[in-house]
Amino acid sequence: MITSMDRLVAAIRGEPSDRIPIFCNLIDQGAIELGLEPEEYFSRGDLVAEAQLRLREKYGHDNVWSLFYVGKEAELLGCQKIKFASDGPPNVEDFVIRSWAQIPELKVPADITQHEAFTETARCLEILKREIGGKVPLCAYITSTMTLPALLMGMDRWMELLFLGPPDLTQLLLEKCHEFFVKEVAAYRAGGADVIVYSNPFGSVDFVPMSFFLERSLPWIERDIAAIGTEGVVYYCGMASLNRTIPKVLERTGIGVYYLSPMDDITQGTALVGGRGLTCGVVNDIALIDWTPEEIDHEVARMIAAGKPSGKFLFGTGVMPRAIPERNIRALMDAALRHGRHEALTA
Amino acid sequence: MLNELITKYNEALIDTDRERALNVVRAALDDGISPEAIVFEVVLPAMDRMIMSVSEGFEANVAQHFITAQISNAVTNEMLERFTAPTETRGRIVIGNSQGDLHALGKRIVIGCLRARMIEVIDLGTNVPPEKFVSAAVKHDAPIIAISSMMVHTARGPNGALKVRELLHAHGLEDRIKIIVGGAPYRFDHTLWQTVKADGWAENAVAAARLVEDMLSEVAR
Ligand code: B12
């Protein structure tokens, strides 16, 4: 039996397998699956783990998640208030940094694994590792050093500081965020995470000018990756496009997996990665909410036809919105499983 | 001299350098260029150029929009005080993030671009209930309600634009007040603005300012 992990490893190495791996990121769907309100669901790691396992059984994709919601990272740094919604993802409500004066006071926990806000995540990781460890890639979501301040002070205040504020304060905040980043990756890896999704919208030129990317973002990406190594690391810009930054990131960091945006051209993406890594084609899962089964099939076929010939390709989704009807998730998976088959091996 | 000013100012914008942009403008004033010329021939055309640059495949990213909004707004403000004849605002709108949405950046950039074009903006903040959008528009006699949403559920959920539409309809306000929307989900699904029954949407803040201008001049007619 080929496992999901085998499929991923084969895709990374460009070796034969039954089909391309499929990452379907069902985070908010867990609460629906268990019939719970998100706030209750996300309060317990055992529930999150159980839902991840059930969802994978149900849809047959090749990954599970230890992510509850991105705001957890802010909780680890002192955020006291998360805004839960019954129909969408939780969001940071209380910003840890409300004025520049608070930056020097920001404390990075000595040991994240011992932090109260990590307890349920640790429980989730433990269950997932026990149940599917080594067989199904276990994913962790980690916000990059340069993006993390957005969760602590809001993206608008962070942009203001970064572009218009005092450089020494920016530097101090980034140093602290980097320290946290390294510890967080270690905590997730110790808990059994195989895949580290490195989330960095500041690594996209949709977000910052190329000159800024080269002079400011890239050096931090290099530092982040040098500190954690490339093992299992996926370069992801929060669904912002990354084709134009792939060559530099590859050359400077050696990261081996690139999680494109739906806005990126897949053929171009695979060409830029150029056999040096795995390219992940990502479906527009916001448009997916209203697509018909025919539209879904057509789009999945198109994407896989563009990426599969490269030999190192994965089909993926974004952070699937809760509003996607179950039948569309099924149609998506069905199409990806069908079009993703490697004919030579299954024939 | 104006051409040189335009070039220098645009370069500062592209490099997202606020101080340089402001210095360039202040030096131009010292050289005798009128504040009106600075706004109408330098600041506003530079914003327009950003839209063109997008369609021509040049980069125009969030940071640039952010800085452009900050700079354009600051410069226009400074120049308005020096205008020889007082200017009238070109109209008024209310804006806010939909209920449940705390992401202020997009809204803030849109506000900067609107104010730079001398449009009066009433900022209702983040997490705004639908009723408040409508009552504020009525109170301030604003013909446009602008709703920014960063997430799918706050864009298409029952307490966002759809509810604002329902309220406008119930109060017979639909021909007086228009709804425009924007934010990340609309950029991923270009038909979403119609799904939520808005009257218009824009991909970015510079385009949003143009959209508002067009709608305001339609109202005026
Ligand atoms: C940066 C980013 C992050 C950062 C920073 C978040 C933050 N606090 O700001 C990080 C990585 C931390 C993050 C986390 C999350 N994110 Co996020 N993120 C993004 C990203 C890449 C860019 C968003 C952004 O800041 N854009 C910049 C602003 C200025 O752009 P904008 O709002 O679109 O505004 C422009 C235009 O739209 C327009 N405009 C805006 N408003 C208006 C209004 C009117 C009337 C008009 C006409 C025009 C207009 O003008 C603006 C300027 O040009 C987007 C994907 C993308 N490519 O857009 C996802 C995205 C917004 N995130 C998303 C999600 C889900 C999340 C999380 C909830 C994930 C989770 N489950 O935890 C968390 C929430 C974190 C929190 N706040 O607690 C989803 C939302 C869709 C959905 N599923 O609901 C997106 C779209 C990604 C995706 N495709 O899945 N995110």
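Proteins get letters first, then strands, A, B, ... in listed order; numbering begins at 1 in each.
- Between chain B and the options Met263(A), Glu93(A), Met155(A), the largest number of non-hydrogen pairs under 4.5 Å is found for Met263(A).
- Within the 4.5 angstrom heavy-atom criterion, no atom of His190(B) approaches chain A.
- Contacts between Asp290(A) and chain B at a heavy-atom distance below 4.5 Å involve the side chain alone, from C-beta outward.
- Ile67(B) CD1 to Phe163(A) CZ: the interatomic distance, rounded to the nearest 0.5 Å, is 6.0 Å.
- The parts of Met239(A) that come within reach of chain B are both its backbone and its side chain, each placing non-hydrogen atoms under 4.5 angstrom from that chain.
- Of the atoms belonging to Pro201(A), not a single heavy atom falls under 4.5 Å from chain B.
- Heavy atoms closer than 4.5 Å to chain B are found nowhere in Leu288(A), neither backbone nor side chain.
- Between Glu160(A) and Arg18(B) no salt bridge is recorded (no basic side-chain N to carboxylate O distance below 4.0 Å).
- Heavy atoms closer than 4.5 Å to chain A are found in the side chain of Asn127(B), but not in its backbone.
- Residue His140(B) places its NE2 atom among more than 12 non-hydrogen atoms of other residues, nucleotides or ligands, all under 6.0 Å distant.
- Residue Glu19(B) does not touch chain A at all, counting heavy-atom pairs closer than 4.5 Å.
- Between His103(B) and Asp156(A) the shortest side-chain heavy-atom distance does not fall below 4.5 Å.
- Between Gln64(B) and Pro209(A), some side-chain heavy-atom pair lies under the 4.5 Å cut-off.
- Side-chain atoms of Arg157(A) and Leu105(B), non-hydrogen and from C-beta on, never get closer than 4.5 Å to each other.
- Remark: Phe213(A) CZ to Asn61(B) CG distance equals 12.5 Å, nearest 0.5 Å.
- Here the shortest heavy-atom pairing between Ile286(A) and Pro185(B) reads CG2-O, 3.9 Å.
- Side-chain atoms of Asn284(A) come within 3.5 Å of backbone atoms of Phe188(B) as a donor-acceptor pair (strictly under, hydrogens ignored).
- Using a 4.5 Å cut-off between non-hydrogen atoms, the part of residues 72-86 of chain A that approaches chain B consists of Lys83(A), Ala85(A).
- No side-chain heavy atom of Val152(B) sits less than 4.5 Å from a side-chain heavy atom of Pro89(A).
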